[in-house]
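Let me begin by presenting the structure, written as C-alpha cells, before commenting on it.
First listed ligand is number 1; within each ligand, the first listed atom is number 1. In this chain, numbering begins with 1 at the start of the sequence shown.
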Amino acid sequence: MEFSIKSGAPQTGPNGCVVAGVFEASRLSGTAAALDAASRGYLTRIVRRGDMRGRLGSTLLLQRVPGLAAERVLLLGLGERKEFGVSAFRDALRGAANALKELGAKDALLYPADLGVAGRGLPWNVRQAVLGLRDAFYRFDQLKTQKKPPAPALASVALAIGGAPVTLQARAAVKEATATADGVDLARTLGNLPPNICTPTYLADEARKLARQFKLGIEVLERRDMERLHMGALLSVTRGSHQPPKFIVLRYAGAAKKKPPLVLVGKGITFDTGGISLKPAGEMDEMKFDMSGAASVLGALRALAAMRAPVNVIGVVPACENMPGGAASRPGDVVTSLSGQTVEILNTDAEGRLILCDALSYSERFEPLAVVDIATLTGACVIALGHVATGLFANNQRLADDIRAAGEEAWDRVWQMPLWEDYQEQLRSNFADMANVGGRPAGSVTAACFLSRFAKKLRWAHLDIAGTAWKSGREKGSTGRPVPLLVRLALRGARAR
Ligand code: BES
Ligand code: MN
Ligand code: ZN
C-alpha cells in the first residue's frame with residue numbers, strides 16, 4: 001500500500017473513497033461538515049435518519065454522493081468527542097481499515113488531522129494513521145493453499161492535511177512510518193512462521209538478507225565460536241536440540257564511527273519446549289513466538305536502515321531451540337557463563353535468561369551507549385501486566401524514562417517494574433554463584449534481577465514482551481511489538497545528541 005500526503009479540501013478531486021468522521025450524537029467532524037456543505041446537506045440528512053450515530057469504529061458507506069467528485073464516502077464513527085484520545089483514534093482507524101479492505105476502491109483519502117488527537121501534532125497523527133492501516137492490512141497466508149481471502153483492492157491512500165501546505169514534516173512522517181511498518185511486518189512474519197521453518201539457521205539467513213539489502217555489517221557465530229568464547233550458559237540451552245545454534249550480530253551505521261551504538265539484544269528461542277522441565281501440552285505451539293524479541297530486533301534494524309536514520313545500532317541475537325533429549329541440560333546442572341559467573345540450572349524452562357546473560361556480556365565489547373534486551377521472558381509478566389504493557393526494568397533511570405517516553409510516542413507502551421536488591425536473594429544457590437530461577441513470587445522481577453548481574457558494566461534495560469509480542473485465541477498471531485517503540489527510542493537518541 002502506497003501512502004502520499006495531500007493538501008486541499010475533501011470535496012475536490014476524484015477519489016475511490018473519502019473517509020469522514022462522525023462523533024456520537026451524529027455530530028459531523030470538520031471533513032464531514034465540508035462534504036456536507038458541498039453536497040447541500042446530504043450527509044446531515046443521512047445522519048438525521050439515524051443510519052450513522054457515531055459509535056466508535058462503526059462505518060457507513062455512501063455511494064455517489066451528489067456534488068462530490070469522490071465515488072464513495074465512508075462515514076466513520078468517532079465516539080464521544082470529549083473522550084476522543086489515542087485509544088479512540090486507533091479504534092476508529094481500525095474500523096475504517098476493516099471497511100476499506102472490503103471495498104473495490106483502489107484509492108482512498110483520509111484526514112488523520114480530522115480524526116486526530118489533540119496535542120499530538122500532525123507528524124504523530126500521520127505516523128499513527130500509516131501504522132494503523134498497515135497493521136490492519138497485514139496478512140499471513142503464505143502457508144495456506146486453499147481459501148485464501150482475495151487481496152484488498154485498495155492500493156494507495158492519500159493522507160490529507162486540510163488547508164495546510166504540504167509540509168516536509170508530514171512527508172518525513174510518512175517515510176518513517178512506512179519503514180517502521182515494514183519492520184513490524186518483518187517481525188510479525190518471522191514470529192508467525194512455524195518453528196520447523198523459522199529455525200536459528202533461518203533467522204541467520206534472514207539477517208544475512210537484510211545485511212545484503214540494506215548494506216549492514218553482519219557476523220554469525222557458530223557453535224564452535226561460542227565454545228571458543230566460553231558462552232557456557234547459552235550453550236547449555238541448545239544441547240538438547242538438533243538445530244545448530246546461531247549468534248547473530250547485525251550492525252547499522254547511520255552516524256559517525258565515534259558515536260557509541262545502541263545495542264539491541266533479542267531473545268531468539270525458535271521453540272521453547274521447556275527442555276527436561278517440559279512444558280504442559282496446552283498451547284505449547286505458542287512457544288514458536290519465543291523468538292519475538294529477536295524478530296523485533298531484526299524489524300527495528302530494517303526500519304532504521306530503510307529510513308536512513310542518523311544513528312548507530314547493533315542487533316545481537318542469540319538463537320537456539322530449547323528441547324529435551326539425551327544431551328539436554330538437567331535440573332541441577334551447573335554451568336559457567338561468558339562472564340565467569342556460575343549458574344545452577346534449577347529449571348531448564350528458564351532458558352531465556354541463560355542465552356541473554358551471555359549475549360549481554362558479549363555486548364560489552366561494543367562500548368555501547370546503552371543496551372536494551374527484548375525477550376518473551378516470563379509468564380509472570382503476563383500475569384502482572386496482561387497484554388497491554390510491556391514490562392520495563394532498568395539499571396539506569398534516564399534510560400528507563402527514555403524508553404517510557406518512546407513507548408508513549410509510539411503508543412507501544414511499557415510499565416516500569418522494580419529491580420530492587422531485596423529481590424536478589426531469591427536467586428541464592430547452595431552450589432553455584434546463583435540459581436536460574438527465584439521461585440513463584442515476582443517471577444518477572446527475579447528474571448530481570450538475574451540479567452542485571454550480567455549488566456553491571458552497562459547502561460541497560462530489559463523489556464519483557466511475554467504479554468505483548470503475540471495474541472492468542474481466534475486472532476492468534478504476532479503483533480510486531482515492540483518494533484515501533486525501538487524505532488522511536490533510537491530516533492530519540494539521535495535527536496538528543
Ligand atoms: N518463554 C517462556 C516465557 C513465557 C511463557 C512467555 C508463557 C509467554 C507465555 C520462558 O522461557 C519460560 O518458560 N519462563 C518460565 C520461567 C520459570 C521456569 C521461572 C515461566 O515463565 O514459567
Ligand atoms: Mn522457557
Ligand atoms: Zn522461553
When only distance counts, is [X] in polar contact with ligand 1, meaning an N/O pair under 3.5 Å?
X: Asn347; answer: no
X: Gly352; answer: no
X: Thr378; answer: no
X: Trp470; answer: no

Item to check | Member of Ile314, Val317, Asp373 meeting the side-chain contact (heavy atoms from CB on, under 4.5 Å) criterion with Val265 | outcome: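 Exactly one option meets the side-chain contact (heavy atoms from CB on, under 4.5 Å) with Val265, and it is Asp373.
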Item to check | N/O/S atom name from Asp272 that is nearest to the position of the Zn ion (ligand 3) | outcome: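 Per the distance ranking, Asp272 contributes OD2 as its closest N/O/S atom to the Zn ion (ligand 3).
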Checklist entry - Hey, which N, O or S atom on Asp290 ends up closest to the Zn ion (ligand 3)? => result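 Checking each N, O and S atom of Asp290, the shortest distance to the Zn ion (ligand 3) belongs to OD2.
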[atom]: which protein heavy atom is closest, and how many Å away?
atom: atom 1 (N) of ligand 1; value: Asp290 OD1, 2.9 Å
atom: atom 12 (C) of ligand 1; value: Asp349 O, 3.2 Å
atom: atom 20 (C) of ligand 1; value: Gly379 N, 3.9 Å
atom: atom 2 (C) of ligand 1; value: Asp272 OD2, 3.6 Å

Report, in ascending order of atom number, the atoms of ligand 1 lying under 4.0 Å from any heavy atom of [X].
X: Thr376; value: 1 (N), 2 (C), 3 (C)
X: Val437; value: 19 (C)
X: Ala466; value: 6 (C), 8 (C)
X: Glu351; value: 11 (O)
X: Lys267; value: 1 (N), 10 (C), 11 (O)

Item to check | Residue selection (non-hydrogen contact nearest atom 17 (C) of ligand 1) among Met287, Arg440, Arg353 | outcome: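 That would be Arg353.
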Part of [X] with heavy atoms under 4.0 Å of ligand 1, whether side chain, backbone, both or neither:
X: Leu377; answer: backbone
X: Met284; answer: neither
X: Phe289; answer: neither

Checklist entry - Atom OG of Ser296 and atom CG of Leu264: how far apart are they, to the nearest 0.5 Å? => result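 Answer for the OG-CG pair, Ser296 versus Leu264, is 7.5 Å.
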Next on the checklist: Could you measure the distance from the CZ atom of Arg353 to the CG atom of Asn436? Nearest 0.5 Å is fine.
Outcome noted: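 Here the rounded value is 6.0 Å.
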Item to check | Derivation of the side-chain contact (heavy atoms from CB on, under 4.5 Å) call for Arg453 and Leu427 | outcome: CA-CA 11 Å; Arg453 295 178 180 220; Leu427 295 172; 3.9 Å; yes
Checklist entry - Hey, is the Zn ion (ligand 3) within less than 2.8 Å of some N/O/S atom on Asp349? => result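 Of the N, O and S atoms in Asp349, none lies under 2.8 Å from the Zn ion (ligand 3), which means no.
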Item to check | N, O or S atom of Leu377 closer to the Zn ion (ligand 3) than 2.8 Å | outcome: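 No, since none of the N, O or S atoms of Leu377 sits under 2.8 Å from the Zn ion (ligand 3).
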Checklist entry - Protein heavy atom under 4.0 angstrom of atom 14 (N) of ligand 1, is there one? => result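 Within 4.0 Å of atom 14 (N) of ligand 1, protein heavy atoms are found.
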Next on the checklist: Atom CZ of residue position Arg330 - does it have more than 12 heavy atoms of other residues, nucleotides or ligands inside 6.0 Å?
Outcome noted: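 No, CZ of Arg330 has 12 or fewer neighbouring heavy atoms, counting only those of other groups under 6.0 Å.
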Next on the checklist: Check for me whether the distance between the ring centres of Phe89 and Trp124 falls short of 6.0 Å.
Outcome noted: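 Ring-ring flag for Phe89/Trp124: true, centres closer than 6.0 Å.
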Next on the checklist: Within 2.8 Å of the Mn ion (ligand 2), is there any N, O or S atom belonging to Asp290?
Outcome noted: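 Within the cut-off used here (under 2.8 Å), Asp290 places no N, O or S atom near the Mn ion (ligand 2).
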Item to check | Validation row: Leu458, Glu364 side chains within 4.5 angstrom (heavy atoms) | outcome: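 A side-chain contact under 4.5 Å exists here.
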Next on the checklist: Measuring only between side-chain heavy atoms, which start at C-beta, is Leu304 closer than 4.5 Å to Leu491?
Outcome noted: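 Yes, at least one pair of side-chain atoms sits under 4.5 Å.
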Kindly give the heavy-atom pair with the smallest separation between [X] and [Y], and that separation in Å.
X: Leu193; Y: Cys198; answer: CB-CB, 3.8 Å
X: Thr378; Y: Ser444; answer: OG1-CB, 3.2 Å
X: Pro200; Y: Gln243; answer: CD-CB, 4.2 Å

Item to check | Cation over ring face, Arg365 and Tyr362, 6.0 Å, 45° | outcome: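 Judged by the rule, Arg365 and Tyr362 form a cation-pi pair.
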Checklist entry - Within 45° of the ring axis of Phe140 and under 6.0 Å from its six-membered ring centre, is that where the NZ or CZ of Arg188 lies? => result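 So Arg188 doesn't make the cation-pi contact.
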Item to check | Whether Gln426 side chain and Gly438 backbone form a donor-acceptor pair below 3.5 Å | outcome: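 Yes, Gln426 side chain to Gly438 backbone: donor-acceptor pair under 3.5 Å.
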Checklist entry - Taking 4.0 angstrom as the limit, do Arg413 and Glu408 come out as a salt bridge? => result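 Salt bridge absent between Arg413 and Glu408.
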Item to check | Vertex the Mn ion (ligand 2), rays to OE1 in Glu351 and OD2 in Asp272 - rounded to 10° | outcome: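 It comes to 100°.
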Checklist entry - Which angle, to 10 degrees, forms at the Zn ion (ligand 3) with OE2 of Glu351 on one side and NZ of Lys267 on the other? => result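 So the angle at the metal works out to 90°.
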